[in-house]
2 protein chains.
Amino acid sequence: MVKSKSQKRRAPARRHTRPTPVVDRDTEGRILEAAHAVFVRRGTAGARMQEIAATAGVNPALLHYYFRSKERLSAAVFQRAAGELLPSVISVLASDRSLTEKVESVIDLELSHLSRAPYLPGYIISELAHHPERAVQLVTSLTGLVPAEVGRRVFGALRLQIADAVRRRRIHPIEPEQFVVNLLSLCIFPIAARPMLMALFGADDKSFSRFIEHRRRDLPAFFLRAIRP
Amino acid sequence: MVKSKSQKRRAPARRHTRPTPVVDRDTEGRILEAAHAVFVRRGTAGARMQEIAATAGVNPALLHYYFRSKERLSAAVFQRAAGELLPSVISVLASDRSLTEKVESVIDLELSHLSRAPYLPGYIISELAHHPERAVQLVTSLTGLVPAEVGRRVFGALRLQIADAVRRRRIHPIEPEQFVVNLLSLCIFPIAARPMLMALFGADDKSFSRFIEHRRRDLPAFFLRAIRP
DNA sequence: GTCTATATGTTGATAGAC
DNA sequence: GTCTATCAACATATAGAC
């Protein structure tokens with residue numbers, strides 16, 4: 001058995017006798033990767049530890065050896081999954097680029113990332129609905145700030161940038177929070193709601209991909225028109 | 001025991017000796033209502049039949065008497081839940097009102113409905129991710145058309161209306177599908193992602209409600225600017 | 001139609017050998 | 001660190017009395 005309830009388990013010693021390709025990671029890494037795949041596809045409650053073990057190609061008992069419980073494993077996976085989605089956006093928004101560039105970058109980043117991980121938004125949304133407390137933990141771990149502080153710093157800088165652009169008659173006044181939410185909505189929702197939209201459009205996979213490609217092309221202009229004066 | 005695997009169970013005979021307030025529905029109705037509450041809050045896989053029975057105030061065995069299995073109960077609940085979200089929007093979009101009126105109506109309808117049922121979008125998104133086949137069934141039951149036909153009719157009419165407005169230089173060209181998806185994204189995503197956004201903003205319930213109220217006020221103009229020529 | 005009692009099958013988790 | 005064997009705790013589902 002293992003240490004006790006205390007803290008992080010030490011990672012298994014790496015063998016340095018040969019390089020470590022992604023397909024042949026250390027056990028902990030393989031479990032995490034498999035768990036990610038299964039949790040994201042089935043949802044936390046629907047995921048089975050046994051399926052995760054099978055996917056990782058390891059003995060089921062090892063999941064508990066490394067992560068102690070399904071709850072902890074799911075928390076680790078959530079952190080990892082959410083960490084893929086937001087940091088790049090936050091860094092773009094917090095950069096010193098122009099508003100136009102920010103809009104274009106965020107749209108490009110989000111759409112290309114999400115089209116490769118279409119289950120991600122739905123998983124994160126659903127996970128946060130059932131564990132709202134993880135949202136705070138998530139934002140904190142991503143930014144190193146408590147939420148109230150994030151609001152002040154990230155949105156504070158954006159507010160100044162917007163106010164400046166408004167003063168120069170470049171854009172219509174808008175709260176920075178609304179600016180960001182509008183941008184994220186237009187990127188994320190279509191991917192998250194993909195099955196519903198496909199049914200609504202009578203689209204198959206291929207034509208829905210075309211739809212997203214059209215979006216990548218048209219969305220920046222759409223958004224920029226919306227914030228014009 | 002019951003009929004067999006055949007079809008719909010007859011609803012229990014209604015007692016006409018007194019009116020039927022919502023709180024004292026017939027058993028089937030109470031089960032459905034309780035199941036709705038539990039499935040939407042916990043997700044389908046996370047929901048427990050026992051909790052549904054307790055919420056409805058009925059014996060657990062009755063759930064199976066009326067709905068035969070958790071699977072069937074969850075399908076009934078999904079139909080009911082999704083049926084609350086889309087029909088009003090579709091009827092507005094398919095009406096003969098102006099584009100401006102359509103935009104304003106959809107935003108108002110969605111935001112007021114969703115602010116009262118914040119779990120709904122997340123539930124539907126997550127449910128469809130795990131049961132994509134239900135999307136077709138849903139669209140069909142709502143519109144009475146197969147998806148391919150919906151695309152043609154609903155979006156066909158909208159396409160003409162947009163083309164006409166473009167010809168009269170009232171709006172910028174846009175595909176009707178993109179028009180609808182943009183509109184729905186801006187309404188639905190902020191509610192679905194509420195826990196994440198609250199953490200990101202450092203907002204509490206009250207200030208997030210204010211955020212949504214600001215949205216209700218500003219979103220129509222935002223969207224209408226985006227489709228200007 | 002509604003109840004009690006129970007069957008049946010999983011699931012997360014652990015003990016202990018290697 | 002990894003395996004086999006196994007447990008206790010549910011969860012869904014049914015049988016049968018009332």
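In the text below, chain A, chain B and the rest are named by the order of the sequence lines, each starting its count at 1.
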Is there any protein nitrogen or oxygen under 3.5 Å from a nitrogen or oxygen in nucleotides 8-10 of chain D, and what are the pairs?
none

For this session: Ignoring backbone atoms, test whether B/T27 places a side-chain nitrogen or oxygen under 4.0 Å from the OP1 or OP2 oxygen of C/dT2.
Result: yes
For this session: Starting at atom CZ of B/F67, determine the distance to atom P of D/dA13, rounded to an integer number of angstrom.
Result: 13 Å
Exercise. A/Y65 OH to C/dA15 C1': how many Å, rounded?
Worked result: 15 Å
For this session: Grab the CG-P distance between A/L63 and D/dC3 for me, whole Å please.
Result: 11 Å
For this session: State whether the side chain of A/K70 and the backbone N or O of A/A47 hold a donor-acceptor pair below 3.5 Å, judged by distance alone.
Result: yes
Exercise. If only atom types and distance count, is the side chain of A/S207 paired as donor or acceptor with the main-chain N or O of A/A203 below 3.5 Å?
Worked result: no
Problem set entry | Separation of atom CD in B/E71 from atom P in D/dT12, rounded to whole Å | 13 Å
Exercise. Are B/R216 and B/E104 close enough for a salt bridge, meaning some N to O gap below 4.0 Å?
Worked result: no
Exercise. Is A/E175 paired with B/R215 through a side-chain N to carboxylate O contact shorter than 4.0 Å?
Worked result: no
Problem set entry | Identified side-chain hydrogen bond (donor to acceptor under 3.5 Å, both in side chains) counterpart of B/S74 within the set B/H131, B/Q79, B/E127, B/R134 | B/R134
Exercise. With no hydrogens and no angle check, is any side-chain donor or acceptor of A/H130 less than 3.5 Å from a backbone partner on B/R41?
Worked result: yes
Exercise. Which part of the nucleic acid, if any, lies within reach of B/A45 when heavy atoms closer than 4.0 Å are counted: base, sugar-phosphate only, or nothing?
Worked result: nothing
Exercise. Is any side-chain N or O of B/H64 closer than 4.0 Å to OP1 or OP2 of D/dT14?
Worked result: no
For this session: May I have the step-by-step check of side-chain contact (heavy atoms from CB on, under 4.5 Å) for A/L219 and B/N182, ending in yes or no?
Result: CA-CA 9 Å; A/L219 207 46; B/N182 288 346; 4.0 Å; yes
For this session: Verify whether the ring centers belonging to B/Y123 and B/F39 lie closer than 6.0 Å.
Result: no
Exercise. For A/K70 and C/dT10, what is the distance between atoms NZ and C1' respectively, to the nearest whole Å?
Worked result: 12 Å
Listed pairs, N/O of protein and of nucleotides 6-9 of chain C, under 3.5 Å:
none

Exercise. Where the side chain of B/S91 meets the backbone of B/S88, is there a donor-acceptor pair that is under 3.5 Å apart?
Worked result: yes
Exercise. Taking all atoms of both residues into account, what is the closest heavy-atom pair of A/P118 and A/P121, and its distance?
Worked result: O-CD, 3.4 Å
Exercise. What is the distance from CD1 of A/I31 to C1' of C/dA13, rounded to the nearest Å?
Worked result: 14 Å
Exercise. Of all the choices, D/dT12, C/dG12, C/dT2, which nucleotide is nearest to the side chain of A/M49 once you look at every atom?
Worked result: C/dG12
Exercise. So which of residues 50-62 of chain A are in contact with DNA chain D, with a heavy-atom cut-off of under 4.0 Å?
Worked result: A/N59, A/A61, A/L62
Exercise. Is any side-chain N of the basic residue among B/E213 and B/R210 closer than 4.0 Å to the acidic one's carboxylate O?
Worked result: no
